[in-house]
Amino acid sequence: MILLDHVTKKYPGDVTAVDDLSLEIKEGETFVLVGTSGCGKTTTMKLINRLVDLTSGTIKLDGRDITSMDSYSLRRSLGYVIQNVGLFPHFTVERNVGVVPELIGWDKTKIHTRASELLTMVGLSPEEFAVRYPGELSGGQQQRVGVARALAADPDVILMDEPFGALDPITRETLQSELSPLWNELDKTVVFITHDIFEAVKIGDRIGVMDNGKILQTGRPADVIKQPENETVSSFFAQHRFQLELLTTRIEPLVEAFDESRIKRDKNTPWLHPHDGLIDAMDALKISDDQKVPVYDSKKRYLGIISHETVTREILNLIEQ
Ligand SMILES: Nc1ncnc2c1ncn2[C@@H]1O[C@H](COP(=O)(O)OP(=O)(O)OP(=O)(O)O)[C@@H](O)[C@H]1O
Ligand SMILES: [Mg+2]
């Protein structure tokens with residue numbers, strides 16, 4: 001879907017911000033670029049939406065070279081959430097959400113309807129918020145408007161540059177858990193930038209660790225954490241390795257067969273999804289009075305149980321590794 005082939009960006013003054021970077025981002029996935037400040041994340045994103053020009057290399061969107069696309073098609077295909085929100089302060093919330101539709105010539109009624117629909121989707125009541133100005137919103141609400149704006153013209157790809165970077169940890173977690181299922185359900189391809197490794201492993205289907213203009217390793221979060229390919233990647237995760245392993249070790253292979261009729265269930269009984277991690281299992285076991293938690297897949301089919309004993313054993317394994 002998005003292909004970067006030997007991409008280099010040199011800024012005047014001999015700064016190589018992106019250095020011979022090759023990367024493939026698949027359709028429908030959430031790909032997270034993670035790396036320390038100044039490693040070239042924003043530049044990589046701006047190369048994709050042509051806010052900066054390539055020094056060398058090629059970028060393709062659905063097989064089309066982006067340099068051959070007109071700006072109309074590019075804006076139509078790519079939504080962008082800018083680092084530090086970047087809402088227009090003198091535009092109302094509705095006008096901010098409608099910026100791209102307006103640029104590409106939608107009529108007023110269609111923009112109004114779309115803005116109301118999107119504000120509702122990101123959890124802001126249009127009656128209350130559409131006529132406000134960005135300065136009259138909290139930081140978290142501004143971020144929600146930023147996400148609504150990126151979705152406005154229904155692009156296939158959304159580029160998000162530290163969308164939740166400036167928020168307190170609680171608001172950040174709320175937005176992560178509310179908004180990432182939203183773009184997954186809408187089948188968007190998302191390129192998400194962060195320097196927060198916990199955010200990266202939580203949101204990313206795959207992550208790419210970036211340093212000094214290069215991508216050092218890409219893969220599923222659990223694989224990159226467990227099998228770092230070099231010293232830099234390893235040291236990037238070193239300080240929080242145990243927590244990250246607890247977060248990314250899925251319970252799927254730990255599910256045991258158990259007769260469903262013997263499970264005590266009421267509406268408060270916790271349950272798990274096979275993609276949940278060990279931390280979710282610990283949380284569920286803590287509120288279960290049964291030492292075991294049932295596991296159901298997305299279609300609500302019963303798969304078996306996760307037991308207290310298995311989770312404890314797995315955690316001990318991680319500690320001893
Ligand atoms: N317009 C510019 N002119 C010259 N150098 C630039 C320009 N924009 C960025 N740089 C330099 O390019 C490098 C990469 O910057 P970039 O903004 O891509 O980093 P980043 O990974 O997004 O960092 P952060 O996490 O702080 O946002 C930095 O050394 C930066 O100083
Ligand atoms: Mg940046």
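For the numbers below, each heavy atom of this structure counts, side chains included, while hydrogens, waters and symmetry mates do not. Start at 1 and go down the list; that is how both ligands and their atoms are numbered.
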Given side chains that start at C-beta, do those of Met121 and Leu182 come closer than 4.5 Å, heavy atoms only? yes
One finds that the ligand 1 atoms under 4.0 Å from a non-hydrogen atom of Glu162 are 25 (O)
List ligand 1 atoms under 4.0 Å from Ala17, heavy atoms only on the residue side.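 Here the atoms of ligand 1 in question are 12 (O), 13 (C), 14 (C).
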Would you check whether Met210 reaches within less than 4.0 Å of ligand 1, judged by its heavy atoms? no
Whether Gly38 lies under 4.0 Å from ligand 1, heavy atom: yes
Under a 4.0 Å threshold between the charged nitrogen and the carboxylate oxygen, would Asp211 count as salt-bridged to Lys41? no
Residues Arg144 and Glu178 bridged, charged N to O under 4.0 Å: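 The answer is yes: the pair qualifies as a salt bridge.
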Geometric N/O contact [X] with ligand 1, under 3.5 angstrom:
{"X": "His195", "value": "no"}
{"X": "Val15", "value": "no"}
{"X": "Gly40", "value": "yes"}

Tell me the nearest of Ile193, Thr43, Thr194, Leu47 to atom 18 (O) of ligand 1, using heavy-atom distances. Thr43
So His275 and His273, would you call those rings parallel, tilted or perpendicular, with 30° and 60° as cut-offs? perpendicular
Angle between ring planes, Phe198 versus His240, binned at 30° and 60°: parallel, tilted or perpendicular?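 Rings of Phe198 and His240: perpendicular, over 60°.
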One pair to check against side chain to side chain contact (heavy atoms under 4.5 Å, CB included): Ile59 and Leu3. What are the steps and the verdict? CA-CA 6 Å; Ile59 300 179; Leu3 195 73; over 6 Å; no
Determine whether a donor-acceptor pair (N or O, by modelled atom type, separation under 3.5 Å) exists between the side chain of Asp280 and the backbone of Gly277. yes
So, Thr42 and the Mg ion (ligand 2): N/O/S under 2.8 Å, yes or no? yes
